[in-house]
Number of protein chains: 2
Amino acid sequence: MSLRHAVLAALVHGEASGYELAKRFDVGVGNFWHARPQQLYAELTRLHQDQLVRATEVPQRSRPTKYLYSLTDAGIAELVEFAAAPKKPTSARDELTVAVQVADVVDHAALIGNLSRRAAQARQKLTNLKDMEKSILGGRTEETFVRTTGHLGPYLTCRRGIQHEADTERWCEWAIGLLRSRIASGDRDRVTATAGP
Amino acid sequence: MSLRHAVLAALVHGEASGYELAKRFDVGVGNFWHARPQQLYAELTRLHQDQLVRATEVPQRSRPTKYLYSLTDAGIAELVEFAAAPKKPTSARDELTVAVQVADVVDHAALIGNLSRRAAQARQKLTNLKDMEKSILGGRTEETFVRTTGHLGPYLTCRRGIQHEADTERWCEWAIGLLRSRIASGDRDRVTATAGP
DNA sequence: CGTCACATGTAAAAGGTTACATGATTCG
DNA sequence: CGAATCATGTAACCTTTTACATGTGACG
């Protein structure tokens, strides 16, 4: 039940509407918690009912009324409790790795295609995250930043994302290399996706 | 809908009962796809109905009859198709990182506790995965292995796991270091989990 | 004139977790 | 004598995804 805490965490940064929050989940928060806009709208309603956030109505001309949400004291208390509670290990679920697991039974070219696409995605995310890191550090060195800032959290998670994406890219490229070398050293009896009866 | 493919992937290694499969998911496959035994029993039934696996009844004395499942040709074809299809990016969901994101609002000591526990889990998994790697390589160097083997897939995914766990451990320890240095350099106004009214 | 940004949701379906149920055998 | 291993499942619940619904204003 922890979409709830991801939303609260996203609101620490400042008040936001559901729509704005969705964008925060697309860039920053999305690195450690995915959620679709629909989920956010629903969760915000629940959080409001439970008084962990307060909502300010902002009428729009020619658009649905917008609601700006911000943390209440109860909301902050909830976060404090959450951070102290034992955490479940992340539950891994990666289709690509499932496909790689069966590399020996499967069409190599298609697999390599999938690995390249993933590598490209990782590079894209890396670029975004490095921009984010730059804007967090704001010209300071890490050492200075850590001593000065009141916003260590976002920096820590941003670094986490950077390392993870770099790791992903490295692994994809390495796997591609091995699969290719295997093709080069001659492989027979490979089943292909297009093989008909 | 890809628990299905994770199960098929696990069966490439050889026939298994639901119970045995649950163990494969605990060790090997679990590194990239989690599933509870109940899910596996249900999925195996479905796969059997769809004729992607065949089932051999094995009566037990004083125990529920056991079913040994193995891949059919249709099952292998399904895997081939799956491996060629475009893959969704992994959906990140990590409670610990959510907690770290709000480090600045939250009790540092408790957070550090959570980070240490995660680091310890990562070290444990690393040990297991390195044993697995050793048994896969079977004394050969990577180069020799890659040229000789018909089981590249499991090696690739095992390496993925190793790198990921190593990365996790490094990040946890690094984050702990920064959080501690922040305590040392004097921090005030930290909300603690035990603070009452 | 088409597409993107804004701004909210509802409803059904799929996927995953937790709790419960049963019961013999082996090991320390 | 208690715990772990073997061996299967059902049912209720919670979470996530997908599809649908609505409509304006700005930009090129």
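Below, chains carry the letters A, B, ... as their sequence lines are ordered, and counting in each starts from 1. The structure displayed is predicted, hence computed values, not measured ones.
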Check: Given dC6(C), is OP1 or OP2 found less than 4.0 Å from the side-chain N or O atoms of Lys23(A)?
Finding: yes
Notebook entry, point to check: Across the strands shown, which category fits Thr65(A) at heavy-atom distances under 4.0 angstrom: base, sugar-phosphate, nothing?
Noted result: sugar-phosphate
Margin query: From CZ of Arg93(B) over to P of dT17(D), roughly how many Å is that when rounded to an integer?
Written below: 4 Å
Check: Which nucleotide sits closest to the side chain of Lys88(B): dG15(C), dC6(C), dT18(D)?
Finding: dT18(D)
Notebook entry, point to check: Does Asp131(B) pair with Lys134(B) as a salt bridge, N-O distance under 4.0 Å?
Noted result: no
Check: Given atom CZ of Arg36(A) and atom C1' of dT8(C), what is their separation to the nearest angstrom?
Finding: 18 Å
Next item on the list: Scan side-chain atoms only and decide if Thr97(A) and Arg160(B) contain a donor-acceptor pair under the 3.5 Å cut-off.
Entry: no
Notebook entry, point to check: Between His5(A) and Phe82(A), what is the ring plane arrangement, given parallel below 30°, perpendicular above 60°, and tilted in between?
Noted result: parallel
Next item on the list: Looking at every strand, decide which applies to Ser17(A) at a 4.0 Å heavy-atom threshold: base, sugar-phosphate, or nothing.
Entry: sugar-phosphate
Item checked: Between dC6(C) (P) and Asp26(A) (CG): distance, integer Å -> 12 Å
Next item on the list: Please state how far atom CZ in Arg61(B) lies from atom C1' in dT26(C), giving the value in whole angstrom units.
Entry: 11 Å
Next item on the list: Determine the contact category for Gln38(B): base if any of its heavy atoms lies under 4.0 Å from a base atom, sugar-phosphate if only primed atoms, P, OP1 or OP2 are that close, otherwise nothing.
Entry: base
Checklist line | Contact nearer the 5' end of DNA chain D, comparing Tyr67(B) with Trp33(A) | finding: Tyr67(B)
Check: Tell me: CD of Glu95(B) to P of dT17(C), nearest whole Å?
Finding: 12 Å
Check: Among dT25(C), dA7(D), dA7(C), which nucleotide sits nearest the side chain of Lys66(A)?
Finding: dA7(C)
Next item on the list: Check every strand shown and say whether Ser91(A) touches a base, only sugar-phosphate, or nothing at a heavy-atom separation below 4.0 Å.
Entry: nothing
Checklist line | d(CG, Leu21(A); P, dG9(C)) in whole Å | finding: 13 Å
Notebook entry, point to check: Can you tell me how far P of dG16(C) sits from CG of Leu3(B), to the nearest Å?
Noted result: 6 Å
Check: In terms of the nearest nucleotide of DNA chain D, which residue is placed more toward the 5' end: Gly18(B) or Ala35(A)?
Finding: Gly18(B)
Notebook entry, point to check: Applying the salt bridge (Lys or Arg N to Asp or Glu O under 4.0 Å) test to Glu169(A), which of Lys125(A), Arg117(A), Arg118(A), Arg123(A) qualifies?
Noted result: Arg123(A)
Next item on the list: Return the value, rounded to whole Å, for the distance between atom CD of Gln39(A) and atom P of dA19(D).
Entry: 15 Å
Item checked: Closest contact, heavy atoms only, Thr149(A) versus Leu152(A) -> CG2-N, 3.9 Å
Note to self: Between Ala42(A) and Arg63(A), which residue's closest nucleotide on DNA chain C lies nearer the 5′ terminus?
What the structure shows: Arg63(A)
Checklist line | Phosphate OP1/OP2 of dG9(D) contacted by Tyr41(B) side-chain N/O (<4.0 Å) | finding: no
